Each structure stands twice: as C-alpha cells, then as structure tokens.
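A short write-up of the structure that comes next.
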Amino acid sequence: MDDARITALALRARDGDRAAAGEFVAVTQQQVWRLLVHLADASVAEELAQETYERALGSLRRYRGDAPARSWLLSIARRVAADHLRRRARRPVSPATLAEDDRPLGHVSGADPAESVAVRHALAALDPDRREAFVLTQLLGLRYDEAASVAGCPIGTIRSRVARARADLVAALGEHPPSAERPHRSG
Amino acid sequence: MRPVDDQHGMEWDRCDRCREAMSAALDGEAAKDAAAEQAAVDAHLAGCPDCRAWQQDAAHVTAITRRARTGLATGGPDLVARVVDHAPGPRARWRGTAARAGLAAVGVAQATIGLVSLLGAVTHAHAMTDPLMVLGAGIAHATHESAAWNLALGVAFLAGALWSRHLAGLLPALGAFIAVLAVVSGLDLVAGRVDPARVATHLLLVAGFVLGLAVVRTVPRPGPGPTPGARWWRRDERGAPDGHAPAVADRWERESDVA
C-alpha cells in the first residue's frame with residue numbers, strides 16, 4: 001500500500017503492462033471508492049469510481065511520475081465527484097435524478113460497517129471543503145502535504161480545515177457521546 | 001463594555017488557533033517550530049478550561065475515526081475487470097517508438113530537401129539577374145532563405161525524435177508555419193505561380209507535425225520540466241510547499257479562503 005509501490009505500478013501500467021494496471025486498480029480502489037462515498041454519496045460511488053479509473057487509465061500515458069500516483073489518482077476522483085455534483089445540480093427536477101435518488105437505502109453499498117451511524121451523519125453534515133480535508137487525512141490516512149496536493153490548495157488550508165472539521169464533529173457528537181452511539185456496529 | 005467584547009474576540013481567536021495546533025498535533029503534523037508551538041499551546045491551555053475540554057473531545061473523535069480507518073480493508077466494489085481495458089495496451093511503447101522512428105525519417109527527408117534546394121540555389125545564384133526585388137530580397141536570397149528554413153525544420157524533426165521531451169515546444173510554431181503555408185500555397189497553385197510537385201514537398205511538414213503530435217502523446221516525458229501537460233501538477237506542487245511558503249511559515253496565519 002505504500003506510495004512508492006503504487007507509483008511503480010502506475011509507471012509499469014503506463015508502459016503497457018496490463019497486470020500492473022490491474023494491481024494498481026486493486027490496491028487503490030477501496031480508497032477511491034471511500035473518498036467518493038464522502039465527496040458525492042454512496043449510491044453513486046461505485047459508478048463514479050469506475051469513471052475515475054476510466055479517466056485515469058485513459059490518461060495514464062501522460063502520467064510522468066513526478067507526483068505520487070495515489071495523489072494523482074485521488075485528485076482525478078475529486079474532479080469526477082465535482083463534475084457529478086455539477087451535473088446533478090444542473091438537472092435537479094429531471095425524472096432520471098429522482099429515480100437515481102430513489103434507490104432503496106437498504107441496498108446502498110456505501111453502508112460502511114466500520115463507521116457508526118452517528119459519525120457518518122456528522123461527517124455528512126460537514127461543510128464540503130472541511131469534509132474533504134477530513135476524509136483525505138483521517139479516513140484515507142494521507143499526510144497534510146499529500147491532501148493539499150489532491151485538493152489543490154496550500155498545506156495550511158488543509159491544516160485549518162481539518163481542525164475546523166474536528167471542531168464541528170466534537171460539537172455534533174458531543175451532544176450524543178459517541179462511545180454510546182456504537183452499540184451494534186463495532187468494527 | 002467594548003473592551004470586554006474586544007477581549008472576547010481575541011480570546012475566541014486564540015482558542016481557534018490553539019485548537020488548530022492541537023488538531024495538527026493529533027495527526028502528527030506539527031509545524032517546523034514544534035517546540036515553540038507546543039509552548040504556546042501549553043500556555044494557553046493552562047488558562048483555558050474550554051480548550052482543555054476540547055482537546056479531550058477532539059482526541060476522542062479522532063480515536064473513533066481512526067477505528068473507522070482500520071475498517072478500510074472492507075467494502076467497495078471490485079472494479080479491476082471492468083476498467084483494466086482502459087489502461088494502455090502492450091503496444092503502447094511500440095507505438096511511441098514507431099512514431100519517433102517515423103519522425104526521424106521525415107526529418108532526414110526534410111533536411112535532404114533543404115540541402116538539395118540550398119545547393120541548387122547556390123549553383124544558380126550567379127546566373128540570376130534578379131529582375132524582381134521583393135522586400136529587399138531578390139529571388140536568389142528568397143530561395144536561400146526558404147532552403148535554410150527547410151533544412152532547419154529537418155534538423156528540428158530529427159532532434160525532436162531524439163529528445164522527445166522538447167518536441168512539444170516546436171509544435172505551435174510548426175502548426176502556424178503549416179497553416180500559413182497551406183493558405184499561400186493554395187493561392188499560388190490557383191494562380192499558377194508554383195509547380196504542384198513543389199507544393200507536394202510541403203506534405204512532409206504535415207507528416208512531421210502529425211508524427212510529432214503522436215510522439216508527444218505517446219512517449220512519456222520523465223523528469224521534471226516545463227511541458228504543457230505538466231502545468232497543473234506544478235501548480236499543485238506550489239500549493240503544497242515544504243514549509244517555506246507563507247501559509248506555513250507563520251503557523252498562526254490562517255488562509256483567508258478557508259470556508
């Protein structure tokens with residue numbers, strides 16, 4: 001899972017090694033999907049993850065290896081999510097959108113057993129920029145400089161957004177002590 | 001009562017900064033002068049019970065989200081089979097090599113044309129009487145000039161095939177050259193001012209341009225360097241400084257664009 005290995009896989013995939021391409025997808029897909037669950041929503045995360053890889057692998061030939069491949073990939077996922085949200089905002093009343101959003105919640109593949117319901121709700125309620133910084137650094141485990149490279153902002157902005165996201169979560173979860181909110185979903 | 005309000009404002013601001021520092025410390029992301037920052041945090045915590053409580057709550061929230069991170073190995077679809085066909089195929093490298101070889105061949109042909117017309121122009125020069133002077137150049141000189149250009153473009157193609165990293169810089173100039181040449185060649189052909197065979201040699205330039213585009217698109221350009229495709233990464237790298245940029249140099253100074 002380390003960055004050097006992921007980057008090496010991406011470079012081999014770029015030079016036409018399909019096995020390396022498959023391994024590159026295999027070792028990164030959970031993080032990509034996880035990020036998309038939080039940046040967009042769980043019902044479309046799978047579709048967006050597929051779009052992310054189609055874009056990334058399609059433009060792999062222009063990847064030069066001077067940024068870690070994981071950050072490169074996650075920044076593509078971020079753009080895919082932004083494009084999706086923009087598309088959805090443009091046609092808020094179309095029947096297709098309603099059908100998409102009407103998927104039964106029980107079938108949503110993004111119901112991650114590792115997160116308590118309370119934490120998930122608190123995360124979803126965060127300001128989008130703060131949520132992005134928080135998910136990148138806390139749930140995906142990126143360093144602040146890596147998160148800054150993915151989000152395309154200065155490192156100090158990540159630091160500040162993470163702190164504000166934390167403060168929002170403390171405020172949100174403080175009313176219901178989080179330890180008491182995890183009865184059936186410990187993981 | 002205004003001094004109290006000001007005091008309140010400053011107090012709130014100081015708490016905010018203290019909490020930002022504690023948050024970074026929880027992630028092991030201390031600033032460069034970690035000791036000074038820790039001292040400032042400790043001094044503030046000593047007199048601020050709210051921030052002491054916040055520190056505990058934040059650590060608790062962090063522990064919960066860390067537990068969520070360890071669950072990362074589960075969940076999510078397996079996309080490998082669905083997307084792997086979008087990766088460059090085994091022929092990707094071969095295609096790049098073929099494009100470079102083609103470009104080199106075009107370069108040799110173009111340089112030969114330039115050389116031949118230069119020699120032809122030189123041997124004919126003494127016989128010419130230059131009845132027409134256009135913008136200070138007689139036919140002999142105009143021919144020399146175009147021969148020099150043709151030779152130079154041949155050399156540029158060869159060099160581009162060799163050092164493909166620099167090729168992208170040639171393409172805008174070459175594209176402009178081809179566009180103008182296409183228009184004036186068309187006009188000259190219609191007016192009967194040029195031999196179709198002569199115009200046909202310009203097709204080599206078009207071939208060189210197309211092959212150059214193919215090389216730029218297929219051959220990876222390793223190493224840092226100002227190339228058109230590298231622009232957005234360079235911007236991101238500037239956005240993630242290693243501690244020398246103002247955003248981090250003064251850790252108390254927050255970004256104004258923070259939501």
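Every value quoted in this text rests on a predicted model; they were computed, and no experiment measured them. Naming: A, B, ... by sequence-line order, numbering from 1 per chain.
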For A:R18 against B:D85, the heavy-atom pair lying closest together: NH2-O, 3.5 Å
Contacting region of A:R55 [heavy-atom separation from chain B under 4.5 Å]: neither
Full working for salt bridge (charged side-chain N to carboxylate O under 4.0 Å, His left out) between B:D16 and A:R164: CA-CA 9 Å; B:D16 217 30; A:R164 281 153 189 252; 3.4 Å; yes
Nearest-0.5 Å distance that lies between atom CG in B:L79 and atom CH2 in A:W33: 10.5 Å
With B:S23 via side chain to side chain donor-acceptor pair (under 3.5 Å) - residues at least two apart: A:R166
Contact class of A:A21 relative to chain B, heavy atoms under 4.5 angstrom: both
Residue that, paired with B:R82, satisfies salt bridge (charged side-chain N to carboxylate O under 4.0 Å, His left out) out of A:E46, A:E51, A:E54: A:E46
Interatomic distance, B:I64 atom CD1 to A:L169 atom CG [nearest 0.5 angstrom]: 9.5 Å
Validation row: A:V25, B:V84 side chains within 4.5 angstrom (heavy atoms): no
Proximal component of A:F134, with respect to chain B [non-hydrogen, under 4.5 Å]: side chain
Within-4.5 Å side-chain heavy-atom neighbours: B:H60 and A:L173: no
Steps toward side-chain contact (heavy atoms from CB on, under 4.5 Å) verdict (A:V162, B:E29): CA-CA 11 Å; A:V162 168; B:E29 297 269 357; over 6 Å; no
Side-chain (B:E20) to main-chain (A:A163) donor-acceptor, under 3.5 angstrom: no
All side chain to side chain contact (heavy atoms under 4.5 Å, CB included) counterparts of B:D78, not counting sequence neighbours: A:Q29, B:V80
Test item: A:L60 and B:H86 side chains (from C-beta on) under 4.5 Å apart, heavy atoms: no
